Amino acid sequence: MKKTFFIIFALVCIFSNPIISYACQNPQKSFPEKVSAQIADLGNGITMESTITEYHKNSRSKTRTAVKTSTCKANGKTIATIELTATFTYTGSSAVCTNASSTYSMSDGWSYKNRSTTRSKNTATTKARLTNGINYSDISVTMTCSKTGEIS
């Protein structure tokens, strides 16, 4: 009886502890590795502040994932937030964008038209026209990866 109880107790202990693996963790939920920022004047009183957040790189497969978040402001008020997410693979002699996607969040009566997200060689780009019915601004958010894995 003691043996049976011990075996059941051991099995309960083994299967009640979760086994956690972070090997397949979504890169957007990883800790950021590097963050850089820049500001651009788009004209018509519209500015765009951009930050690039790079996530943990997988050195074995030489891949990098980054998110470029661009906040567009008109007269100091946020009118749009654009996120361009891209995954790059690099070899040391070349780099290629393997995936690109974007999200747009609009506010203060602004909307977007003609939105497109493309990838070509080592570059990911999203473009759109922001408009509030009276004013408009054509925006472009781009990320590139160097052959050594540096994202800009």
Side-chain angles (χ1 to χ4, degrees), residues 13-152:
C13 288
I14 290 170
F15 290 113
S16 66
N17 287 328
I19 298 171
I20 300 172
S21 171
Y22 297 99
C24 294
Q25 186 179 19
N26 185 347
Q28 280 71 21
K29 294 186 181 182
S30 301
F31 293 108
E33 185 175 293
K34 182 180 175 185
V35 177
S36 59
Q38 55 183 272
I39 299 174
D41 184 1
L42 303 177
N44 297 332
I46 299 174
T47 59
M48 183 166 58
E49 299 173 15
S50 299
T51 59
I52 297 176
T53 306
E54 296 179 39
Y55 290 90
H56 179 69
K57 73 177 179 181
N58 183 338
S59 59
R60 179 176 281 181
S61 64
K62 294 193 174 185
T63 60
R64 299 288 279 174
T65 298
V67 177
K68 186 169 188 176
T69 304
S70 298
T71 304
C72 297
K73 295 182 178 184
N75 302 318
K77 291 184 179 180
T78 299
I79 61 171
T81 302
I82 299 120
E83 282 190 352
L84 174 62
T85 304
T87 302
F88 300 95
T89 301
Y90 61 96
T91 63
S93 59
S94 67
V96 65
C97 179
T98 56
N99 192 19
S101 62
S102 64
T103 59
Y104 284 66
S105 216
M106 309 303 292
S107 61
D108 205 29
W110 287 75
S111 62
Y112 62 86
K113 296 180 180 180
N114 304 327
R115 171 181 159 188
S116 68
T117 303
T118 58
R119 58 186 171 95
S120 175
K121 297 182 183 177
N122 66 334
T123 304
T125 305
T126 186
K127 295 179 181 181
R129 173 171 279 189
L130 304 183
T131 182
N132 66 356
I134 300 168
N135 299 317
Y136 71 90
S137 181
D138 293 322
I139 58 106
S140 178
V141 179
T142 302
M143 270 194 298
T144 61
C145 181
S146 72
K147 62 184 178 182
T148 58
E150 293 297 317
I151 297 176
S152 59

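Treat the numbers as computed from the prediction; the structure is a model and nothing was measured. We're numbering straight along the sequence, starting at 1. Hydrogens, waters and symmetry mates are skipped; everything else that's a heavy atom, side chains included, is used.
Applying the salt bridge (charged side-chain N to carboxylate O under 4.0 Å, His left out) test to pairs two or more places apart or on separate chains, none has a residue in residues 79-102. Among pairs with a residue in residues 85-114, none fulfils salt bridge (charged side-chain N to carboxylate O under 4.0 Å, His left out), at least two apart in sequence or across chains.
The shortest distance between side-chain heavy atoms of Thr118 and Lys127 does not fall below 4.5 Å.
For the atom pair SG of Cys97 and NZ of Lys121, the computed distance is 13.5 Å after rounding to the nearest 0.5 Å. Atoms CD1 and CG, from Ile46 and Asn135 in turn, are 6.5 Å apart once rounded to the nearest 0.5 Å. With values rounded to the nearest 0.5 angstrom, Ser111 atom OG is found 10.0 Å from Ile79 atom CD1.
The main-chain N or O of Gly109 is never found under 3.5 Å from a side-chain atom of Asn132 such that the two would form a donor-acceptor pair. Remark: the backbone N or O of Ala100 is not paired with any side-chain donor or acceptor of Arg119 at under 3.5 angstrom. Formation of a donor-acceptor pair under 3.5 Å by the Thr91 side chain with backbone atoms of Ser94 is found in this model. Not one N or O on the side chain of Thr87 forms a donor-acceptor pair closer than 3.5 Å with the backbone of Thr98.
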**Stepwise side-chain contact (heavy atoms from CB on, under 4.5 Å) test for Thr53 and Thr69** = CA-CA 8 Å; Thr53 306; Thr69 304; 5.6 Å; no
**Message:** Met48 vs Val141, test: side-chain contact (heavy atoms from CB on, under 4.5 Å). Steps then yes/no.
**Reply:** CA-CA 10 Å; Met48 183 166 58; Val141 179; 4.1 Å; yes
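The minimum heavy-atom distance linking Leu84 with Met143 is given by the pair O-CE, 3.3 Å. Between Asn122 and Phe88, the shortest heavy-atom contact is O-CE2, 3.4 Å. Nearest approach of Ser146 to Tyr90, heavy atoms of both residues: O-CB, 3.9 Å. Across all their heavy atoms, Glu54 and Ile151 have their closest contact at OE2-O, 3.7 Å.
For Tyr136, the side chain to side chain contact (heavy atoms under 4.5 Å, CB included) partners two or more places apart in sequence, or in a different chain, are Arg129, Thr131, Asp138. Annotation: side chain to side chain donor-acceptor pair (under 3.5 Å) contacts of Thr126 (sequence neighbours excluded): Ser102, Tyr104, Thr117. For Lys73, the side chain to side chain contact (heavy atoms under 4.5 Å, CB included) test picks out Thr47, Glu49, Thr71, Thr78, with sequence neighbours left out. Residues meeting the side chain to side chain donor-acceptor pair (under 3.5 Å) test with Ser152, sequence neighbours left out: Thr144.
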